[in-house]
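Values in this document were obtained by computation on a predicted structure and should not be read as measured data.
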Protein chains: 2
Amino acid sequence: MEAPDTKTRILDAAESLFATRGVEASSLREITASAGVNLAAVNYHFGSKDDLVLAAFRRRIGPVNRERLERLDALEVAANGRAIALEELVEAFLAPSMRFLSPDRRLHARLLGRVHHEAQDELQTKLTHEFEQVVHRFVGALSRALPRLGPAELLLRGHFMVGAMIYTLTHLDKLETVAPVPLHIAADQVLPQMIAFVAAGLRAPVPDRTEVGR
Amino acid sequence: MEAPDTKTRILDAAESLFATRGVEASSLREITASAGVNLAAVNYHFGSKDDLVLAAFRRRIGPVNRERLERLDALEVAANGRAIALEELVEAFLAPSMRFLSPDRRLHARLLGRVHHEAQDELQTKLTHEFEQVVHRFVGALSRALPRLGPAELLLRGHFMVGAMIYTLTHLDKLETVAPVPLHIAADQVLPQMIAFVAAGLRAPVPDRTEVGR
DNA sequence: GTCTATAACTTGATAGAC
DNA sequence: GTCTATCAAGTTATAGAC
């Protein structure tokens, strides 16, 4: 279980730096120095910095989205045409990424959260494509579980869910810093709290539109 | 209403580039070219790039947090010792930043959302300080409105609220792109939907801890 | 596959004339 | 206050020896 190959060492070092400092702020020199490999190895193994960035993100996104779809498949098979409980859907979506909140995988969490903020131009396009199927399948499943919501309301609330998830992936450790009271939040408490929060939010009655017309 | 001074033109150009491309990816040359001013003007008026970044962020954060505190003050005076409705508290927190979702101020929204993702080191420290009072006051008010939640649950759920807010500030325009159905989301529909979602999420019963022990 | 050396370029910052 | 010119240091990328 020791001595990973050069390609993996570069990916690990890049992930760590991208996650903590950001992609733009991480130079190939820092990455290769941290990985203990030669500067030229990046271009040999990946082609360019952009391709390294893409590979680093894809390494984490792929398994998470695959598990989301597997869980959704399993739920739909088990439901056998009947309705799926909202909490189950939400858990199928959230749990695969929330696993990264365990202390030894916080870097993966931060990287995953940064996907949506750091990517630009074609990188953005390529990464967005990785989420297409997940978005399509879960939007469909959620709209069946929440037939009272119109399409705009549903998408907006799904958006809130994603926002809560991403911010938790990137900033959960900071929560303990910012807290007025010293406090420890157990990693395995986060997912159930988040499922409860999001499911209740998704189910909330549609607000009266004339009420907030200011 | 024409010809702002050099300092303002730099801030406007910097805001636009920081919001769209990010801080690290925006060079002083791009900023000054876009502002139509000389490269050396940045160092003359702001001292350094870091100080420009700080000024650009502070210009948007200040008024938003001031309004949050004013609204909370007003609610507490009106309540006169009695309980404040949860929806009112949530609106006092969210409304000041959500105002930036109007079409002509999307850049301000994106910049505000980036505060929490781009800042590093001392910049991070300085900007975090800008939020201290808001966090302290709203945590107090929310815990009085939600006496059933323990401190860890409350902070975690407040964290989810902040995540939903930030992601909406930065990515609302992308929601319309990603939507499986073509769709238009009116900017003034977002705030009431978000208040309903967040208030319901905050009020959700605390989940049974043994249930999700996997 | 790994290394050194270097090319070609961009970056933030400043000295000094106007 | 605004400009030009320039510096020193950093960047990605690559050619070519081993």
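Under the salt bridge (Lys or Arg N to Asp or Glu O under 4.0 Å) criterion, B:R9 pairs with no residue, sequence neighbours left out. Checked against side-chain contact (heavy atoms from CB on, under 4.5 Å), B:L107 has the following partners two or more places apart in sequence or in another chain: B:S16, B:A19, B:T20.
Within the structure, every pair that satisfies the side chain to side chain donor-acceptor pair (under 3.5 Å) test and touches residues 34-51 of chain A, not counting sequence neighbours, is listed here: A:S48-A:D51. The ring pair (Phe, Tyr, Trp, His ring centres under 6.0 Å) analysis of residues 106-131 of chain A, with sequence neighbours excluded, yields the pairs A:F100-A:H108, A:H116-A:F131, A:H117-B:H117, A:H117-B:H171.
Comment: B:E24 does not engage A:R21 in a salt bridge, judged by the lack of any side-chain N to carboxylate O separation of less than 4.0 angstrom. A salt bridge does not link A:E88 with A:R71: none of the charged nitrogens is closer than 4.0 Å to a carboxylate oxygen.
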Do B:E76 and B:R144 pass the salt bridge (charged side-chain N to carboxylate O under 4.0 Å, His left out) test, and can you show the C-alpha distance, the side-chain angles, and the key distance before you say yes or no?
CA-CA 12 Å; B:E76 289 182 340; B:R144 279 186 292 279; 3.8 Å; yes
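Checked options A:E153, A:R157, A:E87; the residue passing with A:L202 is A:R157 (criterion: side chain to side chain contact (heavy atoms under 4.5 Å, CB included)).
For A:N38 and C:dT2, the CG to P distance is 9 Å, given to the nearest whole Å. Atom CZ in A:F46 sits roughly 12 Å away from atom P in C:dT2 (whole-Å rounding).
Listed by residue number, the members of residues 9-18 of chain B with any heavy atom below 4.0 angstrom from DNA chain D form an empty set.
Put simply, A:T6 has a side-chain N or O that comes within less than 4.0 Å of OP1 or OP2 on C:dT2.
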Assign a letter to each nucleotide of nucleotides 10-17 of chain C from its 5' end: B, base within under 4.0 Å of a protein heavy atom; S, sugar-phosphate only; -, no contact.
-BBBB---
